[in-house]
Amino acid sequence: MARILITSAIPYINGIKHLGNLIGSQLPADLYARYMRARGNEVLFLCATDEHGTPAELAAAKAGKPVAEYCAEMWQVQDRLGKGFRLSFDHFGRSSSPQNHKLTQHFAGKLAEAGLIREVSEKQVYSNADGRFLPDRYIEGTCPNCGYDKARGDQCENCTKQLDPTDLINPRSAISGSTDLEVRETKHLYLRQSAMRDRLREWIDSKTDWPVLTTSIARKWLDDGDGLQDRGITRDLDWGIPVKKGDQDWPGMEGKVFYVWFDAPIEYIACAAEWVDAGKGDDWERWWRTDKGAEDVAYVQFMGKDNVPFHTLSFPSTILGSGEPWKLVDYIKSFNYLNYDGGQFSTSQGRGVFMDQALEILPPDYWRWWLLSHAPETSDSEFTWEAFQQDVNKDLADVLGNFVSRITKFCRSKFGEVVPEGGTYGPQETALIAELQQRLDRYQAHMDAIEVRKAAAELRAIWVAGNEYLQAAGPWTVFKEDPDRAAAITRFALNLIPFYAGLSAPFIPDAAATMAGAMGVEPTWPDSAEAALHALPGGHPFTVPDVLFAKIADEDREEWAARFSGVRT
RNA sequence: GGGCCUGUAGCUCAAUUGGUUAGAGCAGAGCGCUCAUAACGCUUUGGUUGCAGGUUCGAGUCCUGCCGGGCCUACCA
């Protein structure tokens with residue numbers, strides 16, 4: 001039995017996440033967590049909301065609420081939706097938790113002790129009307145290069161020229177539109193990542209089994225230009241973790257908070273502390289401190305590709321630089337993006353299907369299956385309503401659901417709602433057991449390697465094998481001359497249901513529970529195909545379950561396609 | 001502009017990392033079955049691997065150039 005620590009990239013608090021966000025980290029992380037638990041491993045699966053930063057403050061202001069209240073409410077919404085999708089977090093925390101405050105301040109103190117923090121005085125644009133410093137992106141003006149009048153302070157979207165906010169003609173606040181801006185001097189802390197460069201490179205180079213998508217992004221940052229740059233880790237904001245050196249004040253840093261990307265990954269650790277404080281566990285350090293029992297933990301992170309630099313460089317800088325024996329990530333699984341009907345999903349533009357809407361129209365298993373079996377592992381992938389309808393109807397309703405339906409109903413009509421006795425397994429059953437064992441081995445290998453789409457394809461093939469068997473064995477014909485043989489075939493086919501339930505549970509937990517429940521058992525991972533297909537003896541009662549997956553009708557698809565074609569208001 | 005990823009059947013994806021005749025699923029066509037959610041099974045049509053060169057006994061895979069799509073580019077997160 002292994003011990004596996006799994007974290008999903010923590011979703012930003014600002015609004016409800018869309019299906020692209022879901023398949024980019026939380027859903028595959030959940031698949032892996034469920035699988036590893038089913039295999040008998042000890043798993044700690046953590047996620048949280050990422051609550052700090054300018055967008056959270058602005059979203060709260062727009063909602064007319066204090067930011068703490070806004071975040072607390074949005075946490076509840078995200079927690080509820082996560083449960084709706086059956087995300088099996090051991091704890092769903094908050095980066096604004098007291099545990100994260102303490103830990104973030106602790107890390108900053110340790111980094112300062114190690115001489116890895118330097119103070120930098122810099123000039124930044126301040127908006128008097130908004131009462132805040134403005135990040136470059138929140139300053140708009142006319143591009144000096146092309147004359148585009150909505151250029152942002154970091155880059156002109158029209159001509160793609162990199163800009164400084166001071167380059168803009170007629171600069172104004174993107175928040176209020178105010179032109180009452182001034183340049184102010186402000187002091188910030190920088191993490192000396194440049195001093196960590198060799199250690200980081202050595203660490204990245206040791207990760208030969210990581211996907212190219214992950215290591216190439218890390219190397220680019222290490223080597224581009226003058227190499228890895230120091231990074232500002234504080235901001236002039238109200239909402240965030242106050243800058244402190246451990247539990248001591250930090251002279252000159254009064255009123256400032258840590259940058260959201262500094263405290264967000266630390267929440268992975270703090271979340272474990274929250275898990276203990278919530279009474280769900282009793283020792284979080286054995287998951288995170290290699291001097292306190294975590295040396296044998298395998299730590300796997302899931303994230304979208306845009307998150308990779310922060311997980312391969314920034315966060316490891318924090319960990320390594322602290323000089324303390326914290327657990328570093330062992331494997332990073334990163335994902336590309338899911339597009340929606342020819343364009344990107346967009347939270348800010350309200351484009352696509354969002355988690356709350358998805359659950360309003362269909363149960364979570366439909367989404368889980370489609371999204372996971374089309375996970376954007378090698379490149380961006382695309383959601384269309386036609387593909388979704390077609391795939392879900394075929395895979396879930398026709399192949400799996402109908403298999404359960406046809407054999408349970410056949411048995412009920414010929415033998416009653418009890419696994420029939422009599423007859424013995426013959427060559428057909430032996431052959432199928434051998435095939436299923438091979439497929440089981442492959443399925444497990446794909447799941448171990450976190451090859452999500454390949455695992456889904458193999459699972460589907462396992463379902464198909466049941467229909468092939470029934471067609472070839474034809475118990476409805478055999479029954480007429482040899483009821484005993486028909487009983488054996490039926491018994492064998494009924495035994496496939498709990499087998500399928502166990503294997504399918506990581507993908508479609510609700511349907512798996514229904515299938516197993518109908519057969520009067522719990523979904524469990526099979527030791528072998530041989531053992532699993534002898535599990536239910538003759539005489540074992542069962543019930544015919546309701547239709548597992550109702551099909552998506554053309555009218556439904558058309559209605560949804562129309563309903564979600566515009567932008568969310 | 002720079003870096004990286006990507007382009008394979010109508011659609012979604014494979015191809016043991018340079019090795020026989022490029023494979024699956026869906027969709028399409030034909031046949032079969034009648035237990036089942038008009039479901040299932042079998043057979044089958046379909047490819048100049050974005051384009052043009054090059055290296056090699058051999059290229060989807062490596063190199064060069066071009067074309068298209070994507071991500072990042074350090075103060076959005």
Side-chain angles (χ1 to χ4, degrees), chain A residues 9-14 50 52-56 58 122 124-125 133-139 152-155 160-162 164-165 174 188 193 211-213 215-221 223-225 228-232 235-236 259-261 264 304-310 313-314 334 336-337 339 344 347-348 373-374 376-382 384 386-387 390-391 393-399 401-414 453-454 456-457 460-461 464 466-477 479 486 489-490 493 546-551:
Chain A
I10 63 177
Y12 198 64
I13 193 72
N14 182 9
D50 177 15
H52 299 133
T54 308
L58 298 180
E122 56 192 14
Q124 240 189 301
V125 174
F133 282 94
L134 296 177
D136 291 356
R137 259 181 209 226
Y138 285 98
I139 304 163
R152 292 188 320 208
D154 55 341
Q155 186 178 39
T160 73
K161 187 178 172 59
Q162 305 274 322
D164 268 329
H188 282 296
Q193 295 187 140
V212 187
L213 181 64
T215 51
S216 65
I217 292 173
R219 288 215 172 78
K220 155 78 167 154
W221 282 54
D223 297 328
D224 192 40
L228 188 60
Q229 299 297 297
D230 295 346
R231 188 165 193 117
R235 292 290 183 273
D236 289 294
Y259 174 43
V260 53
W261 260 116
K305 56 184 164 180
D306 55 328
N307 270 300
V308 168
F310 303 99
L313 302 166
S314 311
S334 53
N336 290 281
Y337 291 151
N339 290 322
Q344 289 195 351
T347 303
S348 56
S373 61
H374 293 79
E377 289 177 294
T378 50
S379 64
D380 291 355
S381 63
E382 169 125 344
T384 65
E386 289 77 12
Q390 216 166 67
D391 294 340
N393 282 353
K394 187 73 184 172
D395 297 348
L396 297 181
D398 296 347
V399 173
N402 182 53
F403 172 79
V404 173
S405 185
R406 68 193 293 203
I407 189 58
T408 51
K409 286 179 180 170
F410 174 78
C411 184
R412 181 173 61 186
S413 72
K414 297 293 188 277
R453 281 183 317 206
K454 287 180 180 173
R460 186 188 189 280
V464 167
N467 284 314
E468 289 171 355
Y469 167 77
L470 270 191
Q471 187 68 29
W476 47 88
T477 308
F479 183 78
I489 295 168
T490 305
D546 291 335
V547 166
L548 278 179
F549 297 99
K551 288 211 206 189

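Reminder, nothing fancy here: chain letters follow the sequence lines and each chain counts from 1.
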Report summary line: The Watson-Crick or G-U wobble partner of B/rU64, with both key distances under 3.5 Å, is B/rA52
Query raised in the report: Do A/Trp261 and B/rA77 have a side chain to base donor-acceptor pair shorter than 3.5 Å?
Result: yes
Query raised in the report: Rounded to the nearest 0.5 Å, how far apart are OG1 of A/Thr490 and CZ of A/Phe479?
Result: 8.5 Å
Report task. May I ask you to test the A/Arg406-A/Leu470 pair for a side-chain heavy-atom distance under 4.5 Å? Result -> yes
Report task. Select base, sugar-phosphate, or nothing to describe what A/Gln390 touches, counting heavy atoms under 4.0 Å on all strands. Result -> sugar-phosphate
**Report entry** P atoms of B/rG2 and B/rC75, separation to the nearest Å
**Finding:** 23 Å
Query raised in the report: How would you label the contact of A/Asn402 with the nucleic acid (heavy atoms, under 4.0 Å): base, sugar-phosphate, or nothing?
Result: base
Query raised in the report: Can you check whether A/Tyr259 has a side-chain N or O nearer than 4.0 Å to OP1 or OP2 of B/rA77?
Result: yes
Query raised in the report: Is the backbone N or O of A/Phe133 less than 3.5 Å from a side-chain atom of A/Gln124, with the two atoms forming a donor-acceptor pair by type?
Result: no
**Report entry** Nearest-angstrom distance, P atom, B/rA29 to B/rA52
**Finding:** 34 Å
Query raised in the report: Does A/Trp476 stack onto the base of B/rC35, taking stacking as ring centres under 5.5 Å apart and planes under 30° apart?
Result: yes
Report task. Taking atom C1' in both B/rG46 and B/rC11, compute the distance separating them and give it to the nearest angstrom. Result -> 13 Å
Requested in this report: Using a 4.0 Å heavy-atom cut-off across all strands, classify A/Phe403 as base, sugar-phosphate, or nothing.
Outcome: nothing
Report summary line: As its Watson-Crick or G-U partner within any shown strand, both distances under 3.5 Å, B/rG23 has B/rC13
Requested in this report: Any chance you could measure A/Asn402, atom CG, to A/Lys551, atom NZ, to the nearest 0.5 Å?
Outcome: 8.0 Å
Query raised in the report: Quick one: A/Leu470 CG to B/rC35 P, roughly how many Å, whole number?
Result: 12 Å
**Report entry** Separation of B/rC11 P from A/Asp395 CG (nearest whole Å)
**Finding:** 19 Å
Query raised in the report: Taking the C1' atom of each, how far is B/rU21 from B/rG47, in whole Å?
Result: 13 Å
Report task. Under 4.0 Å between any heavy atoms, over every strand shown, what does A/Thr408 touch: base, sugar-phosphate, or nothing? Just pick one. Result -> nothing
Query raised in the report: NA contact type, A/Gly401, heavy-atom cut-off 4.0 Å: base, sugar-phosphate, or nothing?
Result: base
**Report entry** Mate of B/rG1 where both pairing distances stay under 3.5 Å, Watson-Crick or G-U
**Finding:** B/rU73
**Report entry** Span that lies between the P atom of B/rA36 and that of B/rU43, in whole angstrom
**Finding:** 25 Å
Report task. Without swapping roles, check the side chain of A/Ser405 against the backbone of A/Gly401 for a donor-acceptor pair under 3.5 Å. Result -> no
Query - Pairing partner (Watson-Crick or G-U wobble, both distances under 3.5 angstrom) of B/rG47 - result: none
Query raised in the report: Between B/rU37 and A/Lys409, is there an OP1 or OP2 to side-chain N/O distance shorter than 4.0 Å?
Result: yes
Query raised in the report: What are the two closest heavy atoms between A/Gln229 and A/Gln193, and how far apart are they?
Result: O-NE2, 2.9 Å
Query raised in the report: At under 4.0 Å, does any side-chain N or O of A/Ser373 touch on OP1 or OP2 of B/rC13?
Result: no
Report summary line: When rounded to whole Å, the CG to P distance for the pair A/Leu396 and B/rC40 reads 13 Å
Requested in this report: For A/Ala387, answer base if it contacts any base atom (sugar-phosphate contacts may also be present), sugar-phosphate if it contacts only those atoms, and nothing otherwise; contact means non-hydrogen atoms under 4.0 Å.
Outcome: nothing
Requested in this report: Using atom NZ of A/Lys394 as one end and atom C1' of B/rC11 as the other, report the distance to the nearest whole Å.
Outcome: 15 Å
Query raised in the report: With sugar-phosphate meaning primed atoms plus P, OP1 and OP2, does A/Tyr337 contact a base, only sugar-phosphate, or nothing at under 4.0 Å between heavy atoms?
Result: sugar-phosphate
Report task. Would you mind classifying the nucleic acid contact of A/Val399 as base, sugar-phosphate or nothing, using non-hydrogen atoms under 4.0 angstrom? Result -> nothing
Query raised in the report: Choosing from B/rA74, B/rG41, B/rC76, which nucleotide comes nearest the side chain of A/Asn467?
Result: B/rG41
Report task. Determine the Euclidean distance between corresponding C1' atoms of B/rG10 and B/rU55; express it in Å to zero decimal places. Result -> 35 Å
Query raised in the report: Contact class for A/Lys414 vs. all strands (heavy atom < 4.0 Å): base, sugar-phosphate, or nothing?
Result: nothing
Query raised in the report: In terms of the nearest nucleotide of RNA chain B, which residue is placed more toward the 5' end: A/Cys411 or A/Asn307?
Result: A/Cys411
**Report entry** Heavy-atom side-chain proximity of A/Lys305 to A/Asp380 below 4.5 angstrom
**Finding:** yes
Requested in this report: Quick one: label A/Arg460 by what it contacts on the DNA or RNA (base, sugar-phosphate, nothing), any heavy atom closer than 4.0 Å.
Outcome: sugar-phosphate
Query raised in the report: Looking across every strand, which nucleic acid part, if any, lies under 4.0 Å from A/Asp398 by heavy atom: base, sugar-phosphate, or nothing?
Result: sugar-phosphate
Query raised in the report: C1' atom, B/rG19 versus B/rG68: distance in rounded Å?
Result: 31 Å
Query raised in the report: Using the glycosidic torsion, which applies to B/rU17: syn (within 90° of 0) or anti (everything else)?
Result: syn
Report task. Could you tell me which nucleotide pairs with B/rG41 by Watson-Crick or G-U wobble geometry, both distances under 3.5 Å, or answer none if nothing does? Result -> B/rC31
Query raised in the report: Tell me: NZ of A/Lys454 to C1' of B/rA14, nearest whole Å?
Result: 7 Å
**Report entry** Length of the line joining A/Gln471:CD and B/rG41:P, which is rounded to integer Å
**Finding:** 8 Å
Query - Test item: A/Tyr12 side-chain N/O and A/His52 main-chain N/O as donor-acceptor pair under 3.5 Å - result: yes
Report summary line: Value for OG (A/Ser373) from NZ (A/Lys454), rounded to nearest 0.5 Å, stands at 15.0 Å
Query raised in the report: Do A/Glu377 side-chain and B/rC13 base share a donor-acceptor contact under 3.5 Å?
Result: no
Requested in this report: Answer with base, sugar-phosphate or nothing: what part of the nucleic acid does A/Ile407 contact at a heavy-atom distance below 4.0 Å?
Outcome: nothing
Query - Parallel, tilted or perpendicular: ring planes of A/Trp476 versus A/Phe410, cut at 30 and 60 degrees - result: perpendicular
Query raised in the report: Within the structure shown, what part of the strands sits under 4.0 Å from A/Thr54 by heavy-atom distance: base, sugar-phosphate, or nothing?
Result: sugar-phosphate
**Report entry** Separation of B/rC33 P from A/Arg406 CZ (nearest whole Å)
**Finding:** 14 Å
Requested in this report: Could you check how far CD of A/Glu122 sits from P of B/rC75, rounded to whole Å?
Outcome: 9 Å
Query raised in the report: Distance check: side-chain N/O of A/Lys551 vs OP1/OP2 of B/rA38, anything under 4.0 Å?
Result: no
Query - Rounded distance in Å between the P positions of B/rU48 and B/rU61 - result: 16 Å
Query raised in the report: Hey, does the side chain of A/Arg453 come within less than 4.0 Å of B/rA14's phosphate (OP1/OP2), counting only N and O?
Result: yes
Query raised in the report: So what does A/Glu386 touch, heavy atoms closer than 4.0 Å: a base, only the sugar-phosphate, or nothing?
Result: nothing
Requested in this report: Would you mind telling me which residue lines up with the more 5' stretch of RNA chain B, A/Asp391 or A/Ser379, judged by nearest nucleotide?
Outcome: A/Ser379
